[in-house]
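Here the structure is a predicted model, which is why all the values come from computation and not from measurement. To find a chain, count down the sequence lines: A is the first, B the second, and so on, and within it residues start at 1.
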Amino acid sequence: MAKELKELTPRSVSYSQWYQDLVIKADLAENSAVRGCMVIKPYGYAIWEKMQRYLDDMFKETGHVNAYFPLFIPKSFLSKEADHVEGFAKECAVVTHYRLKNSPDGSGVVVDPDAKLEEELIVRPTSETIIWNTYKNWIQSYRDLPIMCNQWANVVRWEMRTRLFLRTAEFLWQEGHTAHATQEEAVAEARQMLDVYAKFAEEFMAVPVHKGVKSESERFAGAVDTYTIEAMMQDGKALQSGTSHFLGQNFAKAFDVTFASKEGTRDYVWATSWGVSTRLMGALIMTHSDDNGLVLPPKLAPFQVVIVPIYRNDEQLAQINEKVAGIVTKLKALGVSVKYDNADNKKPGWKFSEYELKGVPVRMAMGGRDLENNTVEVARRDTLTKETISCDNIENYIKGLLDEIQANIYKKAYDFREETTQKVETYAEFKEKIEEGGFILAHWDGTAETEALIKEETKATIRCIPLEGDKTSGVCMVTGKPSAQRVLFARAY
RNA sequence: CGGGGUGUAGCGCAGUUGGUAGCGUGCGUCGUUCGGGACGACGAGGUCGCAAGUUCGAAUCUUGUCACCCCGACCA
């Protein structure tokens, strides 16, 4: 298996296939019987669960609570916000009937034509409409605000072409939906959640991201402003990894959600929504993986350490079992998750390769020599280096090593991103450099026409207008018109 | 929806001019092994995507059909 993987490197033209192979071989997910839908396997789901837990904690810390809204949305709800329906109509699954019956010719079941729904139900592509229809009943006074709900859910978007984790017909995500009395508060909330996402990406996933604002053409359907975090993959393509939207009063107006203000006026509510999905799994895989397989950050690995015994007979295995048990206990006491794999149906070499493929951050191997010397062999997944370490105080060494690996893979990804980011002054230069992949920082006149032209001619899009970094003005590389600041271009997933 | 490709054992594949269904891996049992994907022996595992046609005979030829994959178009 590893050999097949080695034939394709992360920078090759068949990156997409290399990626999909890796997802399957590392046991993260597989295609299902339903077109475009994905089965997330236990190992992959364990990573997602960790992501969920950390994100959920961060949401709670910033004052949010969880709730759950229905999977089905009446068709009429979706059409209330004009831009919103425009953006999602083309990819919605629709429920038209509520019953099956045995087919008259006995060949199975058919949809019962008598069970046609009066109003069709849409399988949610996102929940703004059903939630705002609900919030309307929750909000009367400024005293009811803010409402800060999040839901963990699945959504369905009937995409033409799908890719495991990056774009699937059904995906898991969280969506936060908040309602506020003032514009300032709503904008601050949208910005705050963008910061939460960026922090999560960088500190937990070890994925460096650019925070920024989307241009009008890339904005969420129904939003006033869309904030985004953009990451760079190893093949030079960008990945939108999370979004936070300032929705203005668009949904409040569409669903007639008003409140009595302190001053006695009747005002429309200000809104935000924000979400990250299982697409983050794709970002994680494509940012860190190498030719040997996955590389997982210690904070998200289902288990951080795997211990492999190397033995000649049952007696030796028993000695190793005992020795390892002591180490496992000490590691667990420090909060390190460990798997001891003493299964006897696989050889050590096989296990080494397998756990590399699965991205386990640290591998420890203990054999006869180690028993004699009171040592253990420690191998790092990020650097693929090995060293022999004394068992005394090994738990603290490992604990420190995990932190070092977490920091190192972030730095590696950060350096890669910086090396592949270029500043460009002319459009001719842009057309040349965009072929190399990576981000390009260039001036743009702010018009949708120029943006569309660039996309048409180079397939590159404006990933975002960065919130941080160089803010000096200049002139548009295409039209020569004034530009307030450089914007971030790339080809994207 | 356009262009290309693939459907044969759990997985990955071969199958020439139409003539007994194969290989690798995995799986089961036994033995030797075990510091980077071990080896030997024996064994189990098949509606060749589906349907029709040509033929004495079809995995192979013809027609139809279905599914999946890749490249585009599309995509908070």
Side-chain angles (χ1 to χ4, degrees), chain A residues 1-6 13-21 24-25 27 30-37 83-92 124-128 155-164 166-169 171 173-176 214 217-223 225-229 239-245 247 273-277 279 292-293 308-314 316-317 320 342-357 363-373 375-379 384 386 388 455-456 459 461 492-493:
Chain A
M1 282 202 293
K3 269 187 187 145
E4 288 166 44
L5 269 177
K6 276 180 184 173
V13 285
S14 299
Y15 187 78
S16 156
Q17 212 149 17
W18 174 85
Y19 164 81
Q20 297 231 22
D21 281 355
I24 291 164
K25 284 171 182 161
D27 230 14
E30 61 190 28
N31 286 308
S32 78
V34 182
R35 195 205 80 94
C37 292
D83 290 338
H84 193 68
V85 66
E86 168 95 25
F88 286 105
K90 284 175 287 183
E91 51 187 36
C92 285
R124 61 182 166 216
T126 180
S127 302
E128 274 78 3
V155 287
V156 169
R157 294 180 190 177
W158 213 265
E159 303 285 358
M160 293 181 195
R161 231 182 109 201
T162 59
R163 248 192 267 265
L164 292 169
L166 296 181
R167 181 171 297 109
T168 46
F171 55 94
W173 77 344
Q174 59 68 217
E175 46 181 326
K214 284 290 188 190
S217 64
E218 297 268 328
R219 190 179 291 157
F220 174 71
D225 267 321
T226 288
Y227 298 98
T228 176
I229 52 171
L239 183 71
Q240 176 176 306
S241 306
T243 48
S244 179
H245 315 290
L247 301 174
S273 68
W274 29 273
V276 292
S277 70
R279 175 180 257 203
N292 288 4
V308 177
I310 300 159
Y311 55 93
R312 292 176 197 284
N313 51 52
D314 286 351
Q316 199 174 35
L317 176 61
I320 294 171
N342 63 354
D344 62 0
N345 58 343
K346 299 280 189 254
K347 308 252 311 226
W350 192 91
K351 292 176 186 173
F352 293 171
S353 298
E354 178 69 9
Y355 291 116
E356 269 165 26
L357 181 59
R363 183 188 71 238
M364 297 164 75
M366 180 168 290
R369 287 206 302 269
D370 295 303
L371 276 182
E372 284 175 29
N373 303 330
T375 58
V376 64
E377 181 188 83
V378 177
L384 293 168
K386 294 188 284 198
T388 301
K455 184 176 181 181
E456 170 73 28
K459 291 182 178 167
T461 50
Y493 277 99

Against the side chain of A:W350, the closest entry in B:G35, B:A76, B:G37 is B:G37
Rounded off to whole Å, could you give me the OH-to-P distance for the A:Y493 and B:C74 pair? 18 Å
Nearest to the A:W173 side chain among B:C75, B:A76, B:G37, which nucleotide is it? B:A76
Does the distance from a Lys or Arg side-chain N to an Asp or Glu carboxylate O, for A:E356 and A:R363, drop under 4.0 Å? yes
Taking atom C1' in both B:C42 and B:A59, what distance in whole Å separates the two? 29 Å
Between A:Q20 and B:C70, does any side-chain N or O lie under 4.0 Å from OP1 or OP2? yes
Measure from the side chain of A:F220, starting at C-beta and using heavy atoms only, and say which of B:A76, B:C74, B:G35 lies closest. B:A76
Mind checking if A:R219 touches a base, just sugar-phosphate, or nothing, with heavy atoms under 4.0 Å? sugar-phosphate
Applying the Watson-Crick and G-U wobble criteria at under 3.5 Å, what pairs with B:A41? Answer none if nothing qualifies. B:U29
For the side chain of A:E159, starting at C-beta, report the closest nucleotide among B:G36, B:G35, B:C74. B:C74
Quiz question: going by heavy-atom distance under 3.5 Å, is there a donor-acceptor pair between the base of B:C34 and the side chain of A:R312? no
Applying a 4.0 Å non-hydrogen cut-off, can you work out what A:W274 is touching in the nucleic acid: base, sugar-phosphate, or nothing? nothing
Roughly how far apart, to the nearest Å, are B:C1 and B:A73 at atom C1'? 8 Å
Select base, sugar-phosphate, or nothing to describe what A:A221 touches, counting heavy atoms under 4.0 Å on all strands. sugar-phosphate
Over how many whole Å does the gap from A:K347 atom NZ to B:U25 atom P extend? 15 Å
Paired to B:G57 by Watson-Crick or G-U wobble criteria (both distances under 3.5 Å) is none
Side chain of A:P348: nearest nucleotide among B:G35, B:G37, B:A76? B:G35
Taking the P atom in each of B:G10 and B:G26, what is the distance between them to the nearest angstrom? 16 Å
CD/A:E30: more than 12 non-hydrogen atoms of other groups inside 6.0 Å: yes
Identify whether any heavy atom of A:S277 sits under 4.0 Å from a base atom; if not, whether one sits that close to sugar-phosphate; answer base, sugar-phosphate or nothing. base
Distance between P atoms of B:C11 and B:G72 (Å, rounded): 28 Å
Can you find an N or O donor on one side and an acceptor on the other, under 3.5 Å apart, linking the side chain of A:R157 with the base of B:A76? yes
Sort out the partner of B:U16 for me: Watson-Crick or G-U wobble, both distances under 3.5 Å, none otherwise. none
Could you tell me how far B:U20 sits from B:G28 if I compare only their P atoms? Round to whole Å. 33 Å
Look at all strands and tell whether A:E356 reaches a base, only sugar-phosphate, or nothing, counting heavy atoms closer than 4.0 Å. base
Aromatic ring pairing A:F220/A:H84, orientation class (parallel under 30°, perpendicular over 60°, tilted between): perpendicular
For the pair made of CG in A:N313 and P in B:G31, what is the distance, rounded to whole Å? 15 Å
For A:W173, is the CH2 atom crowded, meaning more than 12 foreign heavy atoms sit under 6.0 Å from it? yes
Which part of the nucleic acid does A:G368 contact within heavy-atom distance under 4.0 Å: base, sugar-phosphate only, or nothing? base
Under the 3.5 angstrom rule, does the side chain of A:E218 hit a backbone N or O of A:K214 as a donor-acceptor pair? no
G-U wobble or Watson-Crick pairing nucleotide for B:C50 (cut-off 3.5 Å, both distances): B:G64
Whole-Å distance, A:E218 CD to B:C74 C1', equals 13 Å
Hey, does A:F171 reach any base, or is it just sugar-phosphate, or nothing, if we go heavy atoms under 4.0 Å? base
Can any side-chain N or O of A:R157 pair as donor or acceptor with the backbone N or O of A:E91 at less than 3.5 Å? no
Separation of B:C39 P from A:K346 NZ (nearest whole Å): 14 Å
Just call it for A:D370: base, sugar-phosphate, or nothing, with non-hydrogen atoms closer than 4.0 Å on any strand. base
Atom pair distance, as rounded to whole Å: NZ in A:K351 and C1' in B:A38: 14 Å
Take the protein atom OH of A:Y311 and the nucleotide atom C1' of B:C34, then report the distance between them rounded to whole Å. 7 Å
Donor/acceptor link under 3.5 angstrom from A:K386 side chain onto base of B:G36: yes
Selected nucleotide, minimal atom distance to A:F352 side chain, candidates B:G36, B:G35, B:C75: B:G36
Distance, rounded to the nearest Å, where A:L371 contributes CG and B:C34 contributes C1': 14 Å
Restricting to non-hydrogen atoms, name the atom on A:T168 and the atom on A:L164 that form the minimum distance, rounded to 0.1 Å. CG2-CA, 4.2 Å
Same-atom distance (P) from B:G36 to B:C23, integer angstrom: 32 Å
Watson-Crick or G-U wobble mate for B:C11, both contacts under 3.5 Å: B:G24
In terms of heavy-atom contacts, A:C37 and A:A169 come closest through SG-CB, 4.0 Å
